[in-house]
Amino acid sequence: MARGKLRIHLGAAPGVGKTYAMLSEAHRRVERGTDCVVAFVEHHDRPRTAAMLHGLEEIPRRQLDHRAAVLTEMDVDAVLARGPQVALVDELAHTNVPGSRNAKRWQDVDELLGAGIDVISTVNIQHLESLGDVVESITGVRQHETVPDEFVRRADQIELVDMSPQALRRRMAHGNIYAPDKVDAALSNHFRPGNLTALRELALLWVADRVDEHLKQYRSEHRVSAIWGSRERIVVGLTGGPEGRTLVRRAARLAEKGAGGEVLAVYIAGGDGLTSASPKELAVQRTLVEDLGGTFHHVVGDDVPAALLDFARGANATQIVLGSSRRKAWQYVFGPGVGATVARDSGADLDVHIVTHEEAAKGRGLPVARGALLGRARIMWGWAVGLAGPPLMTVLLGTVHLGLANDMLLLLTVTVVAALLGGLLPALASAALGSLLLNYFSTEPLHRWTVADPKNIVAIVIFVGVGVSVASVVDLAARRTHQAARLRAESEILSYLAGNVLRGETSLEALLERVRETFGMESAALLERGDHLAPWTCAGRVGVGPPVERPEDADVDVPVGDRLALALTGRVLPAEDRRVLAAFAAQAVVVLDRRRLQEEADQARTLAEGNRIRTALLAAVSHDLRTPLAGIKAAVSSLRSDDVAWSEEDRAELLEGIEDGADRLDHLVGNLLDMSRLQTGTVTLIIRETDLDEVVPMALGGVPAGSVTLDVPETLPMVAVDAGLLERSVANLVENAVKYSPDGTPVLVSASALAGRVEVRVVDRGPGVPDDAKERIFEPFQRYGDAPRGAGVGLGLAVARGFAEAMGGTLGAEDTPGGGLTMVLTVRAAEDRGADRPGPCTGLAPPTDGGRLQEHPAQPERQAS
C-alpha cells in the first residue's frame, strides 16, 4: 500500500487561522468528491471555526479516564476502520492522554500515513523540537509538547498561515481566540508585539529553508545548471593567505544587503588532495566564516577557476568574491590568473567581485608544505647510486663502445634511479658527475675537459637538463606519495579515535595497546599526578617495562593538562608523529574520565538501590508490621482486662484475631528476610531430586479452603530443586493469585513437562496485568493497581522470582485466555540437571492424561522454607 501524503498548515502563534485554513481545504476537497473525515479537530469554542465543522463527517473520539476526569483523544482504530481518503488531525505536537495507542499525536498521524490515508494537520512554529531553546529565550516559556523536525520536513506540502502581529492582537482583543477573561493576560504575555514578531520571523525563515531544499532537489532532478537568483548566495574563494579574512568580511557585508543572503567560503586544493596553504590560517578563516553565519567548504580540483565556477553553479550562487592577485607583474606571462579567468568564464548569471587587499602584487608568499623525509637508509642508498653509479657505468661503457647517445641514456638511467632512492640532491649529484664523465670519456677530444664538436655541448647540456627535470619530478612524486600515505594513515587513526568516542568505549588498556602498536613502541602508560608523597600514579599501562614513576623516564612523553601525561618507551618519535600522538593522549584522558564516571554512576546506582530498599523496609516496619502488632496487643489487653466478662464466643474471636495477626507477622517477616537474603546473596541451595506432588500441596496451607484447584499429574518427572525454596515460591504465587481472583472462582495450579523442563502454572481469573507492567510486578515493593497497604509490602513476587532464578529456573507472567493472569514457574527436570538454564516458556499446557483434578483443602499450617 502506498504511503499517504501529509499536508501541514504551519503558523507562528495560536489564532493565526491554521485550523480554519485546514477546514476550508477539507470543504474544497469534499466539494470535489474526496472522501474526507474529521479525525480530530479542536475549535477551542471559537464560533467561526466551529461553524466550519458543519457538513464534514466526524469520527467519534475515544474517551479515557485520567485522574478522575474523562478526556477524549483521536480514535486511531476507528479512523483506520473507516479508511477515508483524507483525515483532518489538528494540533500535531499534542501529547496524548496516558493509556492512548501512542504517546504523541504525530505518531498517530504517522500510523495513518502508513495505512495509505492522506492527512492534513496543523502545528505552530514554537512546537518544533529544534527551536525549543530559541522559543524559550523569546517567550520565557519552555514548550514541552514538541514534534520532531524531521517528521515535519518529510511533509509533502507545508503551507504557511501568516498574519501580522497587529492583526493577530486585534483578533485576540475581539475575543476571537481566547475567552474574554484570558485576553488581557495573553496580550501582556505571550502575545506581546515583540514575541509575535520574533515567532513570525522564525516561521518565515523555517519555511524559506524548506522551500530552498525543495528548489535544490528540483534543480538536481531536472539537471538545471543555470543560476536562479532566488536569494543571494555569495561564494568566497580562499587561497589560505592572510587576505582571506578581508574577503570573508567583505562577503558578509554583501550578504547583509541582500534578502536572505548566505556566504559560502571555499578552498580548492590540488588534485592530490594535499594543501599547500597554511593549515593554521585556514582554520582561523573557517572559524571566522562560521562566526559570521556562513559555511566553509574544502574542494579538490586541478583547475582552480573551473572548480570554483562549478562549485558556485552547483550551490546556485549569485556572486563570487575573489582577492586581487598576489602575483608580481612579470608572473602574468604564465597566464591571466584565477581572478581574470573566473571573471571571463562566469557568464551573465554570476557577478564577480575583485577585492583589493594589502597583500596584492607582493608575490605569492604562501608557505609550502615540505614533504616527509624519505628515511636515512634510503637517502644513503640514493647517494651511493648517485656518486658510485656514474663511474661504474663509465667503466662498463669503456669495455663496450655503444656511442654517445646510448652512453647518455644509460647515465640518465642511473640519475633516475638515484632520484627514486634518495630524492633530488643525489640525482643532481649524479647528473653533474655523469655530465663530467661524458665530457671526459665519451666526447671528442677524449680524455680532455674540452668538447670539439658544438653538437656534443648541446647534448651534454640537454643531458643535464633532462636529468635535473626527471630527478625533480621523481623526487616530488615520491615525496607526495609518502605524504599522502602518511596523511591516509593519520586519517585512519583519527577516524578510529572518533569511532571510539561515538561508540562510548571505556577500555583504557585497549586504547594504550593501540597506541603502542601504531607507533611500534615497547610500552605505553597513562600517568596521573598525585600528592607530594606519590607524585605520579599509573592509571593504565600495557607492554613490557612501562614507566610508572615519572614521565621523564620514558622515551616519549606527551603532557595532557596539568595532571596527566602519556608516556611511551621504545624509541624517540619524530616531531611529525606527535600530532597524532597528542590526539591519542586526549582520547586516553576522555576514556579515563568516562570509565571513572561510569564507576561512580554504578556506585551511585548501587547506593540508591540500597537506600530504596532500606527506605521501603522502614516503611514496611513502620506500617505493615505495626498494624498486626497493634491488633495483637489490643486483643491481648482485652483478654487480660478484669473489667469485662468475655463470653466464649468473644474470647474465641479475640484469639482468632491474635492468630491472624501472628500469621500476618510471620508472612511479612518471612518475605522481608527472604528479600534480605536475596539482596545480600546469602541464599544457600540444597538441590535434590524432588517430586512436585510432594512440594506443591505443602505450599497451599496459607489459603482458604476451596480457593485452589490442583492439577499435578503423577506421571511428571522428578525436578532438581531446593524443596524449601520451591515451596516458598509457589506459596507466594498462589497467595497473590487468590488475592486478586474473584470470589467463588478458584485458582488453578497445574504442572506439565516439556523438553527437559517442568512448568508450574498458577492461573487466576482476576483483572490481569497490562503487557508493559508484567515485568514491574516482579520488582520489590510493587503493588499492582489499588491494592491496600494491608495486602503486604509487595515482596511476594520478587521473592518468588529470586528463588526461582537461584535454582536455575525462571518465573514470568502471561495473560490467561479469557481474562486474568497466569504465572509460569519453570524448573529443570532431574534428568536435565546439567543442561543449560532454560528460558521462559509460553503457552498454556492442558492437563495431562492420568492427572488428578481435585479441590485442595486447607491445611493447618504452611511449612517455612
Side-chain angles (χ1 to χ4, degrees), residues 1 3-10 14 18-19 22-23 26 36-45 49-50 53 56-124 126-129 132 141-152 154-155 766-777 779 782-786 813-815 819-821:
M1 181 180 298
R3 183 176 176 83
K5 295 183 178 180
L6 175 62
R7 175 172 178 166
I8 294 177
H9 292 267
L10 176 69
K18 302 180 301 299
T19 305
M22 177 179 67
L23 294 173
C36 184
V37 301
V38 176
F40 188 96
V41 168
E42 188 63 66
H43 54 73
H44 297 289
D45 296 327
T49 305
L53 288 170
L56 297 176
E57 178 186 350
E58 295 189 54
I59 302 295
R61 300 183 183 183
R62 181 186 178 190
Q63 295 186 347
L64 297 169
D65 295 330
H66 181 62
R67 294 182 179 176
V70 178
L71 304 178
T72 61
E73 290 289 357
M74 179 175 65
D75 194 337
V76 180
D77 292 326
V79 178
L80 293 174
R82 171 64 173 77
Q85 290 179 282
V86 180
L88 307 184
V89 182
D90 205 4
E91 298 180 354
L92 187 62
H94 172 74
T95 300
N96 293 331
V97 175
S100 300
R101 185 187 188 95
N102 295 301
K104 294 285 188 177
R105 185 165 294 163
W106 67 265
Q107 296 172 328
D108 296 337
V109 170
D110 190 52
E111 193 168 347
L112 297 181
L113 294 172
I117 300 174
D118 295 345
V119 176
I120 304 177
S121 188
T122 64
V123 71
N124 284 326
Q126 66 208 47
H127 294 297
L128 295 182
E129 198 169 74
V141 178
R142 183 70 178 185
Q143 296 294 332
H144 298 289
E145 291 190 332
T146 59
V147 58
D149 290 48
E150 184 61 28
F151 183 79
V152 180
R154 292 202 307 264
V769 176
D771 291 339
D772 57 353
K774 283 187 172 61
E775 283 300 315
R776 292 201 305 270
I777 61 176
E779 296 177 4
Q782 294 291 324
R783 299 182 185 88
Y784 177 67
D786 56 353
E814 60 186 44
D815 294 330
L821 188 68

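Note that the coordinates shown come from a computational prediction; the quantities given were computed from them, not determined experimentally.
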| field | Side chain to side chain, Val147 and Glu129, heavy atoms closer than 4.5 Å | value | no

| query | Atom CG in Asp75, atom CZ in Arg82: separation rounded to 0.5 Å? | reply | 13.5 Å

| field | Minimum-distance pair of heavy atoms, taken over all atoms of Thr19 and Thr49 | value | CG2-CG2, 3.8 Å

| field | Pairwise distance OG1(Thr122) to CG(Leu92) - rounded to 0.5 angstrom | value | 7.5 Å

| query | Looking only at heavy atoms, which two atoms of Leu10 and Lys18 are closest? And how far apart? | reply | C-CD, 4.1 Å

| task | Could you list the residues that satisfy side chain to side chain donor-acceptor pair (under 3.5 Å) with Glu58, not counting sequence neighbours? | result | none

| task | Taking Asn96 for its side chain and Asn102 for its backbone only, find out whether a donor-acceptor pair lies under 3.5 Å. | result | yes

| query | So which heavy atom on Leu113 is nearest to which on Lys5, and how close? | reply | CD2-O, 3.6 Å

| field | Nearest-0.5 Å distance that lies between atom CZ in Arg154 and atom CG in Leu6 | value | 9.0 Å

| query | Can you tell me if Arg7 uses its side chain to pair, donor with acceptor, with the backbone of Asp118 under 3.5 Å? | reply | no

| Parallel, tilted or perpendicular: which fits the ring planes of His94 and Phe40, with parallel below 30° and perpendicular above 60°? | parallel

| Taking Glu73 as the fixed residue, which of Arg61, His66, Arg62, Arg105 is the one that meets the side chain to side chain donor-acceptor pair (under 3.5 Å) rule? | Arg105

| message | How long is the straight-line distance from CD of Glu775 back to CG of Asp771, given to the nearest 0.5 Å? | response | 11.0 Å

| Between the main-chain N or O of Glu814 and the side-chain N or O of Lys774, is there a donor-acceptor pair closer than 3.5 Å? | no

| When rounded to the nearest 0.5 angstrom, what is the spacing between SG in Cys36 and CG in Leu88? | 4.0 Å

| task | Apply the test side chain to side chain contact (heavy atoms under 4.5 Å, CB included) to residues Val38 and Asp90: give CA-CA distance (whole Å), side-chain angles for both, the deciding distance (0.1 Å), then the verdict. | result | CA-CA 9 Å; Val38 176; Asp90 205 4; over 6 Å; no

| task | Find out whether Glu145 and Glu91 are in side-chain contact, i.e. whether some heavy atom of one side chain is under 4.5 Å from a heavy atom of the other. | result | no

| task | Taking all heavy atoms of Phe151 and all of Trp106, pick out the closest pair and write down the distance. | result | CZ-O, 3.6 Å

| Does CD belonging to Gln63 count more than 12 external heavy atoms closer than 6.0 Å? | no

| Flag, side chain of Ser121 to backbone of Val89, donor-acceptor distance under 3.5 Å | yes

| said: Checking the side chain of Gln143 only, and the main-chain atoms of His127 only, is there a donor and an acceptor separated by less than 3.5 Å? | reply: no

| Shortest non-hydrogen contact between Pro14 and Gln126, atoms and distance | CD-OE1, 4.2 Å

| Nearest heavy atoms of Pro84 and Val79, plus distance in Å | CD-O, 3.5 Å

